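This report refers to the structure that appears directly beneath it.
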Amino acid sequence: MKRVAVIVFPGSNCDADALAAARDAGSEAYFVWHRDTTVQGADVVVLPGGFSYGDYLRSGAIARFSPVMTAVAEHARAGGAVLGICNGFQILCEAGLLPGGLMRNARLRFLSRPTWVRVEQPDTPFTCLYRRGEVLEIPIAHGDGRYVVDARTAAELEATGRVVWRYVRDNPNGSTNDIAGVTNAGHNVVGIMPHPERRNAPALGGQDGARVFLSMEARHATQHAVDVRARDGRHLRV
Amino acid sequence: MTASAFPGDPPITPQLVREHNLTDAEYGRITALLGRTPTFAELGVFSALWSEHCSYKHSRPILKTFPTAGPQVVQGPGENAGVLRLPGGWAVAFKIESHNHPSAVEPYQGAATGVGGILRDVFTMGARPVAVLNSLRFGSLDDARNRYLCAGVVKGVGDYGNCVGVPTLGGEVDFGPGYGGNPLVNAMCVGLLREQDLITAAAHGVGNILLVVGSRTGRDGIHGASFASEELTRESEQRRPQVQVGDPFTEKLLLEASLELIASGHIVAIQDMGAAGLTSSSAEMAAKGNVGVEIDLARVPTREPGMTPYEILLSESQERMLVVAKVDRVAPVEAIAAKWELDATPIGRVTDDGLYRATWGDQVVVEIPGQRLIDDCPVYHPEAREDPTIGALRRSSPSPVPRPPSPGEALLSLLDHPPIASKRWVYEQYDSTVQAGTVLGPGGDAGVIRVRDAEFGLAVTVDGNSRYVRLDPYEGGKAAVAEAARNVACTGARPLGITDCLNFGSPERPAVFHQFKESCRGIADACRALDTPVTGGNVSFYNESPTGAIDPTPVVGMVGLLPRADRAVPSHARAPGDAIVVLGETRAELGGSQLWEAVYEFAGGTPPRVDLGRERRLVDYLVAGAERGLFRSAHDCSQGGLGVALAEVAMGGPYEETGYGLDVDLTPYGLGLAAEALLFSESHGRAVITCAPERGAAVTALAQELGVEAQSIGTVGERGGAVRVRLRDVAFEHPVDRLRQVYFTALPRRMGD
């Protein structure tokens with residue numbers, strides 16, 4: 001059982017959802033308040049969605065100065081797994097743990113809708129139970145979700161397999177290269193704009209997002225995806 | 001001690017009294033009650049608490065006729081929100097409220113603070129908000145001002161709710177000339193709590209300490225309650241400073257802090273500082289608890305120096321709460337607030353003398369017998385008389401048009417008509433999936449959420465159709481409740497209770513008061529028949545602009561209980577080959593219909609009559625059928641009639657790649673009706689369901705058992721196929737993608753993208 005720390009900033013509003021999704025996946029998940037200075041021995045750190053500090057300056061721009069972020073950065077430097085969802089992705093970019101940044105949606109409005117993303121990189125702690133090329137339906141809900149990087153970094157991300165998820169069917173926010181999620185060079189820090197924690201049960205319309213959390217519990221390897229598929233969508237822990 | 005003027009207070013003159021919206025007779029009551037001339041601050045207090053918005057002085061006798069009791073009722077009207085009982089020790093708190101006047105002059109902030117206020121009403125009951133809905137009305141989108149209002153309101157609602165993290169599960173948006181100068185913004189919030197954790201706003205415990213928690217008090221929104229109680233004029237734009245400014249980030253902190261305070265047991269009461277701010281929250285808390293309160297206004301943290309007692313009492317600065325802490329628990333209350341980065345400041349205490357007293361240091365500036373401040377507000381029984389032109393309008397019908405459209409063409413016109421067209425452009429801007437509990441989101445009959453750690457789900461909806469109310473307020477009132485119940489029941493949920501937002505013009509006009517009184521009678525009758533008590537709500541009068549009163553718009557917000565959230569029934573077709581069954585009877589009832597409005601540009605006729613017995617049977621049937629798993633989909637027949645309902649069943653959700661074709665044969669149904677009436681009559685008591693072919697027999701058998709007419713009218717076709725409808729003298733067909741294209745682009749096209 002992995003210890004999963006869900007960081008709570010003032011204005012986080014998907015913290016309880018992320019906690020519940022991690023627990024549903026069998027993890028020992030707990031909240032860490034943004035003023036704390038450690039992640040309390042976490043195996044995995046999750047930065048949940050929301051509007052940290054009201055997103056008043058720029059999404060994620062103030063949260064990165066929270067005391068806990070020093071501990072998160074240390075955890076990441078030591079190779080620990082970190083997942084940023086939506087606002088958490090924005091904070092990871094602001095904190096320099098992921099390249100690029102997230103700008104206002106191309107059509108300038110907040111968008112809440114389903115999206116379809118293709119798994120491009122199963123070799124991360126959050127995608128190891130997916131097959132490369134699998135298309136997932138996962139909702140977005142953001143106003144600042146347009147992933148932007150300079151051309152050189154974009155080319156590097158593509159060449160080194162660091163694009164983790166990519167929008168298919170349509171690009172809802174104008175992201176560079178249809179990017180929905182990326183990882184760092186070490187593949188241990190991952191950011192995703194859509195919300196996998198909102199789609200992890202049949203009653204919620206599907207469970208395409210569940211394996212993001214189940215992957216945390218699995219060994220960090222890709223071959224298990226085959227085992228999981230063989231059991232017809234029953235996501236047994238490996 | 002008695003109250004005395006604060007330095008700089010203006011003298012109390014008849015002119016000043018009138019500026020406070022108090023009549024001579026009301027002022028006479030005030031001086032008699034006090035036995036002296038009020039101070040300026042006291043005048044402000046009376047002006048706020050005796051405003052229509054706070055006192056319900058024109059509506060109270062009518063509201064008393066609503067059914068409010070039932071085994072499911074935990075808390076009826078009179079609190080911040082109503083509360084109904086759910087299984088397993090759970091309860092649901094919910095309330096709807098208007099923010100029409102502020103939104104008319106400043107749409108973004110007006111709408112945003114409307115959402116903020118209704119969230120606070122719910123979490124001050126100890127409930128965590130789990131859903132918001134809204135009911136919006138605007139003038140025609142052909143007009144640039146209305147587009148500006150619509151875009152601003154939608155963004156305001158979205159930005160606030162999105163930031164706080166409460167999913168928008170549904171709502172309605174309607175357009176009509178009657179709302180041109182006066183948009184309506186009604187926001188509803190639904191919260192969940194353990195029944196044992198319920199807390200109210202009644203102050204008690206002499207010596208207990210009053211604290212203000214949250215934002216500092218500024219000069220915004222002074223006299224908002226009085227502003228909401230007068231008609232909009234050309235000068236209303238200058239009222240913009242009376243519109244409050246919202247800060248959803250602070251609201252989110254306040255929500256978490258309030259729920260933690262309630263759970264801590266350190267406080268005995270909590271109340272939102274909403275309309276009329278500190279004045280109404282403290283006076284109402286005292287009156288409800290039958291105690292006195294004393295507040296030192298000099299201790300209230302302010303945003304700017306030099307604020308007077310009058311301003312502090314009447315400020316409507318947002319994101320503030322008044323809590324009553326146990327006398328020895330002030331420090332832990334302050335600590336909880338500090339954790340959430342909020343100020344908590346002791347400003348007063350509960351007293352035993354029954355007086356509502358405000359001081360500035362040692363000087364008393366307000367001293368009023370607390371109970372009488374609330375109870376002595378006059379109650380009016382205005383004259384009610386129907387506008388004679390309405391009777392004639394009811395009896396009229398549209399003049400023939402040179403080339404009447406074929407039924408197929410009329411259907412396309414209706415799908416492109418803004419009141420009917422998809423509201424995706426609107427609800428896409430609201431986070432509908434946060435909290436990871438959304439089973440059915442916006443765009444269907446009712447929103448459904450699951451409850452974590454429980455099997456059941458909640459279905460929620462808001463409904464109202466002013467066209468019917470304008471032509472026949474009694475039937476229109478019934479229709480609002482009936483449609484809400486049908487919407488909830490289509491998902492498989494049993495309707496539990498309602499909250500209502502009653503939007504009308506000036507009650508001092510007999511024609512308006514007639515609309516109000518009659519539609520309330522309709523709501524009351526329907527609630528009795530459907531066993532859905534009224535748990536509270538809001539009355540918004542004086543929705544008038546220089547062009548006249550708005551169309552009368554009672555809006556009903558309803559909550560229903562779904563025994564198993566994972567069995568929620570969606571509203572559109574899901575499998576080819578399924579049988580299509582229409583429930584209920586279609587009559588020639590085109591009065592007030594969308595067909596007459598969109599195609600004939602005619603807003604008259606006799607609106608459809610609601611047969612409450614049939615309505616009840618239909619609801620029972622939908623609930624029983626869903627429980628037995630008979631239906632693949634269920635969709636209510638309302639605006640645009642059977643034609644639009646069938647199209648909606650076929651088209652599916654906005655993000656699907658396509659919908660389903662339908663093969664519909666209406667020749668054995670609605671005998672004796674012309675094609676137009678059969679397709680577009682808005683007769684109540686109807687729904688369309690689809691079911692697996694092998695369930696067809698059970699579907700009809702159950703209908704017979706429960707006394708509901710059920711007629712099989714066709715089958716669901718292929719994905720991406722055509723919708724074919726055969727009538728006795730005519731037939732038409734449209735590819736479903738054509739219907740989708742019209743339906744989903746109608747609003748974005750008009751909004752300019």
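A, B, ... follow the sequence lines: proteins, then strands. Residue 1 opens every chain. What you see is a predicted model, and the numbers here were worked out from it, not measured in a lab.
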Between CG on residue A/Leu204 and CG on residue B/Leu440, distance to nearest 0.5 Å: 11.0 Å

Report the distance from atom CG of A/Leu108 to atom NZ of B/Lys155, rounding to the nearest 0.5 Å. 9.0 Å

Which heavy atom of [X] sits nearest a heavy atom of [Y], and at what distance?
X	Y	value
B/Asp566	A/Ala203	CB-CB, 4.0 Å
A/Pro10	B/Leu253	CB-CD2, 3.7 Å
B/Ser432	A/Ser112	N-OG, 3.1 Å
A/Asp17	B/Ala436	OD2-N, 3.5 Å
B/Trp340	A/Trp33	CZ3-CH2, 3.5 Å

Chain B contact via A/Pro139 - side chain, backbone, both or neither, heavy atoms under 4.5 Å: side chain

Segment of A/Ser12 engaging chain B (4.5 angstrom heavy-atom cut-off): backbone

Heavy-atom contact with chain A under 4.5 Å, split by part of [X]:
X	answer
B/Arg567	neither
B/Thr433	both
B/Glu341	side chain

Could you please spell out the steps behind the side chain to side chain contact (heavy atoms under 4.5 Å, CB included) verdict for A/His195 and B/Asp431? CA-CA 12 Å; A/His195 287 275; B/Asp431 192 337; 5.6 Å; no

Under a 4.5 Å cutoff for heavy-atom pairs, which residue among B/Tyr430, B/Trp425, B/Tyr427 has the most contacts with chain A? B/Trp425

Got [X] and [Y] here, is their nearest side-chain heavy-atom distance under 4.5 Å?
X	Y	answer
B/Glu256	A/Val8	no
B/Tyr655	A/Arg169	no
B/Val164	A/Asn13	no

Give a yes or no on whether B/Arg452 atom CZ has more than 12 heavy-atom contacts from other residues, nucleotides or ligands under 6.0 Å away. yes

Name the member of A/Arg199, A/His142, A/Arg109 that forms the most heavy-atom pairs with chain B at distances under 4.5 Å. A/Arg109

Counting heavy-atom pairs under 4.5 angstrom with chain B, the leader among A/Pro114, A/Gly205, A/Ala141, A/Ala21 is A/Pro114

